[in-house]
Amino acid sequence: MKDNELKSGDLQEPGLPSHFIREIVTEDLKAGKNNGAVVTRFPPEPNGYLHLGHAKSICLNFGLAEEFKGRCHLRFDDTNPTKEEVEYIDSIKEDVRWLGFDWGDHLYFASDYFGKLYEYAVQLIKKGKAYVCSLSAAEMREYRGTLTEPGKESPYRNRPVEENLDLFERMKAGEFEEGTHVLRAKIDMTSGNLNMRDPVMFRILKAEHHRTGNAWCIYPMYDYAHCVSDSVEGITHSICTLEFEDHRPLYDWFLDELEVACHPQQIEFARLNLSYTVMSKRKFLKLVGEGHVSGWDDPRMPTLSGIRRRGYTPSSIRNFCERIGVAKRNSFVDFALLEHCIREELNRTAPRFMAVLRPLKVVILNYPEGQTEELSAVNNPEDASMGSRMVPFSRVLYIEEEDFQENPPKQFFRLAPGREVRLRYAYFITCVHVVKDETTGRITELHCTYDPATRGGDAPDNRKVKATLHWVSAQHAVDAEVRLYDHLFASPNPADEKECPDFLGCLNPKSLEVLPSAKIEPGLARAAKGERFQFERQGYFCVDPVDSTEGHPVFNRIVSLKDSYAKIKK
RNA sequence: UGGGGCGUCGACAAACGGCAAGUCAGGAGAUUUUGGAUCUCCCAUUUGGAGGUUCGAAUCCUCCCGCCCCAGCCA
C-alpha cells in the first residue's frame, strides 16, 4: 500500500479501533463512488428526548462526516403528527450541539418533502406500482398473513390506475375519514419479508402538524418517507440500527422504482445497550411520569439532558462512543467504561478541593484557640499549571465520619484512638480522646493533638503515617447540599424480562442519597453552575445547574473515585 | 415452521488463509501527602459445536447449536 493512500483508520486517533462502517466509507471513497462525497444524516423523530444510544448514532454520523470532510444533516423525521411535538425539536438541537456537532445550514424536516413525496407517489400509481387500498386496519392485518404463512392480495390491489389517482387525490383533499383508505406499494404479498407485503405508504391522519399545520391530512409512512428524504438530500450513507435491516429491501425498492438520481446505501449497526440502565422512550416515560425520577433531566437518567446535568462532559461521551466501537453484534456495554471515560478526563482537568460529606468534629487540643493560618494546597497534581491555593486551618475541624473507627479492623489505615494520620496539606494529628453521646453512644467529637513540626504534611524526622485525610476548618467551612448519585437500577440488566419482570422492581433504592449539610472548603462557595471539581478522596462533583443558588450550593456527584478500600471491605 | 441478522476473554472489540491486537473490568507488585493518579506484570494453547478443504483455518466449505429482529394505518 502506498503511503499516500487512505487507509481505514488513518484519520482516527492512534490506538482507537476502526469499524466496519468506516471501512465501507473508505472503500467507497477509494472506488470513487458518489464523486468522493460523504453525506450522512442524523434523523431523530421529535417525540422524546435524546439518550446515550442516540449519542452513539450522532457521534457515528457526524463523526464520519467530519473525518471524511463531508457533511452531516440534522433531519427531523416528523411524519407522524399525532406523536410529535415542537418542544422536542429544541431539546434535540441543544443536545446535538452540546455533544459538539454542527449541522451548519443542513437542518431539514421530512415534512419539507411532503409535496415531493406526494408527487412521487402519484408516479408510482401511474407505473402501476401503488394502489389505494380500502381494507380496514383489522382486515389488512388478516390479509398480511403471518411469519410462516404468506399473505393474501387485497381485493383492491388491481384497481385501475385512474381510480387510484382519483381516490388518492381525494384522500389528500380530505374527503375520507381516517382509516378508510391507505396508499400501498404493490410488491409481493407472499414475500418472506413482511415489509414487502404491500406496505402502506400514506395514511389519512386528520391531525395538525407542528410545521405544516392543516395543509395535509395524509402523511407518509417511515419506510417511504425515509429513503426519499435521504435521496433528496443527497445522502451517501444512510446509517441506522439493526432492526431496520429487513427494511432495506423496501428502501431499495422505492428508490429503484422511482428512478431517482441519488440512491443512498443503507448500513445497519447495533444499538447501544448499557448495564444498570434502560434505553427506551417508553420506560423513560414511565420513570418520569410516575415520579421515580425528578424529570427527563434527572442526573440519573441516561438522557443527554440527564447526563449533562449530572456533570458528564461532551468530550467524555464522544470518547466513550469511540471506545465502544461500531459493529453488528448485539452488545451490552459495561457502565464502568462510561465511568472510566469521565474519570480519565476529569482527573486531568478538574481542580481539587476538600469537602467533608458526613462531618465529624475534631478539636486539636494543643492548637491555640482563636488562631488561624493558611496552608498551601495544590490545585491539580496532574497539572502543575493549575497552580495552588490557600486553605484556612484552625483549632476545630471537620473530618469524614468514615475516616475514624474506634475499633479499627486490620486493613483500616485511617484515624483511630492513639493513631497518627496526616491531614492533607496540614499537620499530623493523633487521636487522644473520643467523645460520645452518653445516651446513644454515638461518637460526636474527637480530641486530637497535632505536631507543629509537620506543617504542610511532612515530618522532619521522616516518620510515616498510613493515611492522609481531607478536612475542612469548622469556622471557615461553607455548608452545601451534596447529592450522591448511583446506578438508577440495582440490576445489571433491568431491560431483561427474566431478570426484571417489571423493570421498576429493579430500581436501585440507593440511587440518590442527599447529604444536606456537607462542609466545603470556602474557596468552593463561589463556584458557578455546571463547574466540575474533584472532592479529594471522594469523587468528581458538579454544581447542579438547576437547583444550586448562591446561598445554597448544590453539588452532584458525577462519579466516585475508584476506591480500592471499598473492595477490601467486601 | 417463513424472512433477515449475529456468535472471538467477565464486558466492548480487532484480526480480511500465515503464530488470537487494544480497551474496560478483575488480580499481583512498585510508587504515592488522594486507599486517587501513575508504572510493571498476570488475565482466550484458542474463536458456539462437529466434520471437511489446506503445508497452514477465527477467517473457506458442510451440517448442527444458540441468541437477536420482523405479523403498526409507529419510527
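Worth saying up front: this structure is predicted, and the values here are computed from it rather than measured. Below, read A as the first sequence line, B as the second, and so on, with proteins coming before strands; counting in each chain starts at 1.
Using P as the reference atom, B:rG17 and B:rG4 are 26 Å apart when rounded to the nearest Å. To the nearest whole angstrom, the two P atoms, one in B:rA71 and one in B:rU8, are 27 Å apart. For B:rC68 and B:rA11, the P atoms lie 16 Å apart once the distance is rounded to whole Å. With both ends at atom P, the span from B:rU40 to B:rG22 equals 13 Å, rounded to whole Å. The P atoms of B:rC65 and B:rG49 are separated by 15 Å, rounded to the nearest whole Å. Between B:rA28 and B:rC67, the distance separating the two C1' atoms is 36 Å to the nearest Å.
Atom CG in A:Asp252 sits about 16 Å away from atom C1' in B:rG3, given to the nearest Å. Between the CZ atom of A:Arg197 and the P atom of B:rG4 there is a distance of 13 Å, rounded to whole Å. Rounded to an integer number of Å, the gap from A:Glu322 CD to B:rG22 P is 18 Å. We find that CG of A:Leu242 is positioned 20 Å from P of B:rA75, with the value rounded to whole Å. Atom CG of A:Asp198 is separated from atom C1' of B:rC73 by 14 Å (rounded to the nearest Å). Spacing between atom CG of A:Leu272 and atom P of B:rA11 amounts to 16 Å, rounded to whole angstrom units. Atom C1' of nucleotide B:rU34 and atom CZ of A:Phe541 are separated by 13 Å, given to the nearest angstrom. Between the C1' atom of B:rG35 and the CD atom of A:Gln405 lies a distance of 14 Å, rounded to the nearest Å.
Nearest-nucleotide positions on RNA chain B place A:Phe535 closer to the 5' end than the other of A:Phe244 and A:Phe535. Toward the 5′ end of RNA chain B lies the nearest nucleotide of A:Glu344, the other residue of the pair A:Glu344 and A:Asp78 mapping further downstream.
Counting non-hydrogen atoms under 4.0 angstrom, A:Arg414 reaches a base of the nucleic acid. No contact: A:Phe202 has no heavy atom under 4.0 Å from any strand. No contact: A:Glu178 has no heavy atom under 4.0 Å from any strand. At the heavy-atom level, A:Pro381 lies under 4.0 Å from base atoms of the strands shown. The residue A:Leu135 sits close to a base: some heavy atom pair falls under 4.0 Å. Using a 4.0 Å heavy-atom criterion, one finds that A:Thr146 contacts the bases of the nucleic acid, with or without backbone contacts as well. Using a 4.0 Å heavy-atom distance criterion, A:Asp223 is classed as making no nucleic acid contact. A:Phe412 comes within 4.0 angstrom of a base, heavy atoms only. When heavy atoms are screened at a 4.0 angstrom cut-off, A:Glu339 is found touching no nucleic acid atom at all. Using a 4.0 Å heavy-atom criterion, one finds that A:Met196 contacts no nucleic acid atom at all. Nucleic acid contact class of A:Leu561 (heavy atoms, under 4.0 Å, all strands): base. If you check every strand for non-hydrogen atoms under 4.0 Å, A:Val326 touches sugar and phosphate atoms only. A:Thr79 comes within 4.0 angstrom of the backbone, heavy atoms only, and of no base. Counting non-hydrogen atoms under 4.0 angstrom, A:Ala336 reaches the backbone sugars and phosphates but no base.
Shown here, B:rG66 is classed anti by the O4'-C1'-N9-C4 or O4'-C1'-N1-C2 angle, which is more than 90° from 0.
When the nucleotides B:rG72, B:rG5, B:rA11 are ranked by their closest atom to the side chain of A:Arg141, B:rG72 comes out on top. Taking every side-chain heavy atom of A:Asp334 into account, B:rG10 is the closest of B:rG10, B:rA75, B:rU34. Closest approach to the A:Leu337 side chain among B:rA37, B:rU23, B:rC70 is made by B:rU23 (side chain taken as heavy atoms from C-beta onward). Listed nucleotides: B:rC68, B:rA75, B:rU34. Nearest to the side chain of A:His247: B:rA75. Minimum atom distance to the side chain of A:Asn80 is reached by B:rC74, of the listed B:rU34, B:rC74, B:rC12. Listed nucleotides: B:rC69, B:rC73, B:rC70. Nearest to the side chain of A:Leu147: B:rC70. The listed nucleotides are B:rC12, B:rC73, B:rG5; the one nearest the side chain of A:Arg203 is B:rC73. Which of B:rG72, B:rU34, B:rC12 sits closest to the side chain of A:Arg144 comes down to B:rG72. Closest to the side chain of A:Glu45, from the set B:rG35, B:rC73, B:rA75, is B:rA75.
A donor-acceptor contact closer than 3.5 angstrom links the side chains of A:Asp383 and A:Ser385. Between the side chains of A:Arg41 and A:Ser238, a donor-acceptor pair is found at a separation under 3.5 Å. Side-chain contact check for A:Asn379 and A:Arg389: at least one donor-acceptor pair (N or O, by modelled atom type) lies under 3.5 Å.
Consecutive pairing runs in RNA chain B reach the stem threshold at B:2-7 with B:65-70, B:10-12 with B:22-24, B:26-30 with B:38-42, B:48-52 with B:60-64, where a stem means at least three Watson-Crick or G-U wobble pairs with distances under 3.5 Å.
Ring pair A:Phe244/A:Tyr222 is tilted by interplanar angle, where 30° to 60° counts as tilted. Taking the six-membered ring for Trp and thresholds of 30 and 60 degrees, A:Phe535 and A:Phe541 have nearly parallel ring planes, at less than 30 degrees apart. A:His51 and A:Phe284 have perpendicular rings, their planes meeting at more than 60° on a 0 to 90° scale where under 30° would count as parallel. A perpendicular orientation is assigned to the rings of A:Phe114 and A:His209, their planes being inclined by more than 60° (bins at 30° and 60°).
Scanning atom types as modelled, no donor and acceptor separated by under 3.5 angstrom connect the side chain of A:Glu382 and the base of B:rU38. Contact annotation: side chain of A:Asp246 to base of B:rG3, donor-acceptor pair present below 3.5 Å. Residue side chain A:Arg329 does not reach the base of B:rG5 through any donor-acceptor N/O pair under 3.5 Å, judged by distance alone. Counting atom types as modelled, A:Glu245 pairs no side-chain N or O with a base atom of B:rG3 as donor and acceptor under 3.5 Å.
For A:Ser564 and B:rG36, the shortest distance from a side-chain N or O to OP1 or OP2 is below 4.0 Å.
Under the side chain to side chain donor-acceptor pair (under 3.5 Å) criterion, A:Arg424 pairs with A:Glu536, not counting sequence neighbours. A:Glu401 is linked by a side chain to side chain donor-acceptor pair (under 3.5 Å) to A:Arg442, counting only residues two or more places apart in sequence or in another chain.
Residue A:Tyr222 and nucleotide B:rA75 are not classified as a stacked aromatic pair, given the requirement of ring centres less than 5.5 Å apart at an interplanar angle below 30°. Stacking between A:Phe413 and B:rG35 is shown: the ring centroid lies under 5.5 Å from the centre of the six-membered base ring, and the planes differ by under 30°.
Of the candidates A:Phe202, A:Tyr251, A:Tyr118, A:Tyr224 forms a ring pair (Phe, Tyr, Trp, His ring centres under 6.0 Å) with just one, namely A:Phe202.
Side-chain contact between A:Gln265 and A:Arg248 is absent, with no heavy-atom pair separated by less than 4.5 Å.
The aromatic ring centres of A:Phe109 and A:Phe76 sit less than 6.0 Å apart.
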